[in-house]
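Each remark here refers to the structure printed beneath this line.
Proteins come first, then strands; the chains are lettered A, B, ... in the order of their sequence lines, and each starts at number 1.
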Protein chains: 2
Amino acid sequence: MNDIIEKLNQYGIQPTPQRIAVADFVLKTDTHPTADEVWAIVRQRCPTLSRATVYNTLNLFAEKGLLKLPPIKEGVAVFDPHVAPHHHFIDEETGTVYDVPWEAVSVAGEKTLDGYEVREYQVVLRGRRRK
Amino acid sequence: MNDIIEKLNQYGIQPTPQRIAVADFVLKTDTHPTADEVWAIVRQRCPTLSRATVYNTLNLFAEKGLLKLPPIKEGVAVFDPHVAPHHHFIDEETGTVYDVPWEAVSVAGEKTLDGYEVREYQVVLRGRRRK
DNA sequence: GTTCGTGCAAACGGTTTGCAACAAT
DNA sequence: ATTGTTGCAAACCGTTTGCACGAAC
């Protein structure tokens, strides 16, 4: 418990009971919870916890680098007319998604992943468009 | 125009005026439009087109394989307590997201991408969890 | 007493759904 | 007549915001 408080301090986050409770769950889980899942679970221990606080807390954590939002599932649906496999580059300034040709990047090792039967994959790159 | 109709038929989609108009735009663009962007643009040529029809049409297209929803940006935000770089595997049956160790998959060529300054990347894999 | 965090409820934006009108077979 | 498609509006769900209360320094 103290390690949690210390970690919050370490990241410049004032440790409040609610934040500690959220961190205690979210930093120890192996799943990738949604905000509402976090709320449902942490509320059991901290019944006064409101949804807004969970959202605020998670956003704060992400901002401070305690958490990440993986580049999957994060906004609205976009549609891709190119059905053939290719990779994606996301411009971090504008959010624009660019197609990267399949041959431009090569991936190895995906066939031998233990426990996973990979049907398709792609590389998602993030950075800046070079002018 | 006829090639569009033919393509719709080919994918088992009944070609209606609205669907043709949507397909005509969405299959020819290089961008990754959101449903609302599609609506805004196609409505200029087909002013009666409703939002609902655009959503229905795009979902139908995706279902039939005419379009893809890239594994980026597609639902609610999920939070990842593992800040260190790693890859993600998405179980297509359950939607569960698993972490894949960074070393399990190797990527080459991402440094020499012309026009892109890559800051981070990850491989997103999809398939079935092997029991 | 000012600052910061919380809780509530309302607002918001993207997406879906229910339903009545309509077209095509 | 049945089936499938459209348009509208309302519902929906996840998320954000405004605001008043409360705690801490």
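Across the interface with DNA chain D, nearest-nucleotide mapping of A:Ala52 and A:Asp36 shows A:Asp36 to be the residue nearer the 5′ end.
Among D:dT16, D:dT5, C:dG7, the nucleotide with an atom closest to any side-chain atom of A:Thr53 is C:dG7. Of the candidates D:dT15, D:dT5, C:dT6, D:dT15 carries the atom nearest the A:Tyr55 side chain, counting heavy atoms from C-beta on.
Using cut-offs of 30° and 60° on the angle between ring planes, the pair A:His32 and B:His88 is perpendicular.
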- Intermediate values then yes/no, side chain to side chain contact (heavy atoms under 4.5 Å, CB included), B:Val107 and B:Tyr121: CA-CA 9 Å; B:Val107 175; B:Tyr121 65 90; 3.6 Å; yes
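Between A:Glu37 atom CD and D:dG14 atom P there is a gap of 10 Å when expressed in whole angstrom units. Atom CG of B:Leu58 is separated from atom P of D:dT6 by 12 Å (rounded to the nearest Å). A:Ile20 places its CD1 atom 17 Å from the P atom of D:dA23, with the value rounded to the nearest Å. In this entry the distance linking CG of A:Leu69 with C1' of D:dG14 reads 14 Å, nearest Å. Per the geometry, CG belonging to B:Leu60 stands 13 Å off P belonging to C:dT16, to the nearest Å. Going from atom CH2 of A:Trp39 over to atom P of C:dG7 covers 11 Å, rounded to whole Å. Taking atom CD of residue A:Gln18 and atom P of nucleotide D:dG22, one finds them 15 Å apart after rounding to whole Å. Computed from coordinates, the B:Gln14 CD to D:dG4 P distance equals 9 Å when rounded to whole Å.
At a threshold of 4.0 angstrom between heavy atoms, the contacts of A:Arg51 include nucleobase atoms, whether or not backbone atoms are also involved. Within the nucleic acid shown, A:Thr34 has no heavy atom closer than 4.0 Å to any nucleic acid atom. Residue-level contact check: B:Asn56 touches the bases, meaning some heavy atom is under 4.0 Å from a base atom.
With rounding to the nearest 0.5 Å, the separation of CZ in B:Phe79 from CG in A:Leu67 is 7.0 Å.
Put simply, A:Thr16 has a side-chain N or O that comes within less than 4.0 Å of OP1 or OP2 on C:dT6. Remark: B:Ser50 is not in phosphate contact with D:dC8, judged by side-chain N or O atoms under 4.0 Å from OP1 or OP2.
For residues 1-12 of chain B, no residue pair satisfies the salt bridge (Lys or Arg N to Asp or Glu O under 4.0 Å) rule, not counting sequence neighbours.
Using a cutoff of 4.0 Å between basic side-chain nitrogens and carboxylate oxygens, A:Arg130 and B:Asp114 are not scored as salt-bridged.
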